[in-house]
Amino acid sequence: MSRIVKDVLILFAITLVAGLALGAVYNFTSDARDKQEKRTLNEAYNTVMPGVKSTKEIKVDKKINDYIAKEVNSKEKELNYKAYNPYKAKIEGVLLAKDKAGKELGYIFTVTDEEAYGGSLTMTVGVDINGSVKGIAFLAINETPGLGMKAQDDNFLKEYYGKDVQFFTYTKDTPEDDSQVDAISSATITTNAVTHGVDACLILANHLGGESHE
């Protein structure tokens, strides 16, 4: 057997072994990543909807997201309100949340907004059965440290919680009522993205509230 053939076979063997090893490592780390992602989601669900013990998936399609976009634009026009950026949020998933007795607590939404300063942000938002925001947790956010990243601060997020409000706006001045959120200083774009994301969830929660989930 020529030296060249030998070298080719050796190289092939090394490549094959290396490929198998990389595949094994990928499968191992993939399982670890999946477990971590599930753990992160479960933590987020419990943050935004305390007491949740079981969930039921509710299908969301383009038609639903188109409906939400139309409602947001309609409400802003009705209020003569000009958002910093036009609405570009999308509901990625919806879960009907129940407690250990099977009682419906509300909805857990996953929403991605493409209006953020860092490109996009993804949140889980809990809306209780009465239509009030219970909690907000970020799954992905890449805003400016010290500015847009303040969107994660409790002092900001609590402005959305427990309010009998069907639609939020934000202001750079002192809020006049519960429906107005005090914009994060020097981070209006981030505030805009979070507010539109929350509004999308509230609109869909109100829409789903009249449906049967049996």
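As the structure is a prediction and not an experimental result, all values here were calculated from the model. Side chains included, hydrogens not; waters and symmetry mates left out as well; all remaining heavy atoms used.
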Between [X] and [Y], is any pair of side-chain heavy atoms under 4.5 Å apart?
X	Y	answer
Tyr84	Thr191	no
Asp164	Asp178	no
Lys98	Met49	no
Glu57	Val94	no
Glu104	Leu96	yes
Ile203	Val72	yes
Asn65	Val60	yes
Leu79	Thr169	yes

Item to check | Pair Thr112, Ser120: side-chain N/O donor-acceptor within cut-off below 3.5 Å | outcome: no
What do you reckon, is [atom1] of [X] surrounded by more than 12 foreign heavy atoms closer than 6.0 Å?
X	atom1	value
Phe168	CZ	yes
Gln166	CD	no
Asp61	CG	yes

Can you name the nearest heavy-atom pair linking [X] to [Y], along with the distance?
X	Y	result
Met123	Val194	CE-O, 3.8 Å
Ala44	Thr124	CB-OG1, 3.6 Å
Val127	Ala205	CG1-CB, 3.7 Å
Lys88	Glu115	N-OE2, 2.6 Å
Ala200	Tyr87	CB-OH, 3.3 Å
Ala151	Ile141	CB-CD1, 4.2 Å

Can you tell me how far the [atom1] atom of [X] sits from the [atom2] atom of [Y], to the nearest 0.5 Å?
X	Y	atom1	atom2	value
Leu208	Ile64	CG	CD1	7.0 Å
Asp199	Glu71	CG	CD	11.5 Å
Gln180	Thr174	CD	OG1	9.5 Å
Tyr107	Ile58	OH	CD1	5.5 Å
Leu121	Gln152	CG	CD	10.0 Å
Lys150	Ser186	NZ	OG	8.0 Å

Is it true that [X] and [Y] fall in one hydrophobic cluster, defined by side-chain heavy atoms closer than 4.5 Å?
X	Y	value
Ile129	Ile136	no
Leu202	Phe138	yes
Leu147	Ile189	no

Next on the checklist: Using side chain to side chain contact (heavy atoms under 4.5 Å, CB included), reason through Thr190 and Glu143 one step at a time and then give a plain yes or no.
Outcome noted: CA-CA 7 Å; Thr190 306; Glu143 300 299 87; 2.6 Å; yes
Next on the checklist: Please determine whether side chain to side chain contact (heavy atoms under 4.5 Å, CB included) holds for the pair Val125 and Ile108, giving the CA-CA distance in whole Å, both sets of side-chain angles, and the decisive distance to 0.1 Å.
Outcome noted: CA-CA 6 Å; Val125 180; Ile108 298 173; over 6 Å; no
Within the side chain of [X], is there an N or O that forms a donor-acceptor pair under 3.5 Å with the backbone of [Y]?
X	Y	answer
Asn46	Pro50	no
Ser132	Lys163	yes
Asn192	Thr188	no

Checklist entry - When the ring planes of His207 and Tyr67 are compared, do they come out parallel, tilted or perpendicular, using 30° and 60° as the limits? => result tilted
Next on the checklist: Does the plane of the ring in Phe156 sit parallel, tilted or perpendicular to the ring in Tyr160? Use 30° and 60° as the thresholds.
Outcome noted: perpendicular
Item to check | Stepwise side chain to side chain contact (heavy atoms under 4.5 Å, CB included) check, Leu139 with Thr110 | outcome: CA-CA 9 Å; Leu139 297 178; Thr110 300; 4.2 Å; yes
Checklist entry - Where do Asp182 and Tyr170 land on the side-chain hydrogen bond (donor to acceptor under 3.5 Å, both in side chains) test, with the steps shown first? => result CA-CA 6 Å; Asp182 189 9; Tyr170 59 86; over 6 Å; no
Checklist entry - Excluding sequence neighbours, so at least two apart, what forms salt bridge (charged side-chain N to carboxylate O under 4.0 Å, His left out) with Asp66? => result Lys62
Checklist entry - Can you list the steps and then say if His196 with Glu76 is a side-chain hydrogen bond (donor to acceptor under 3.5 Å, both in side chains)? => result CA-CA 11 Å; His196 269 162; Glu76 290 184 348; 2.6 Å; yes
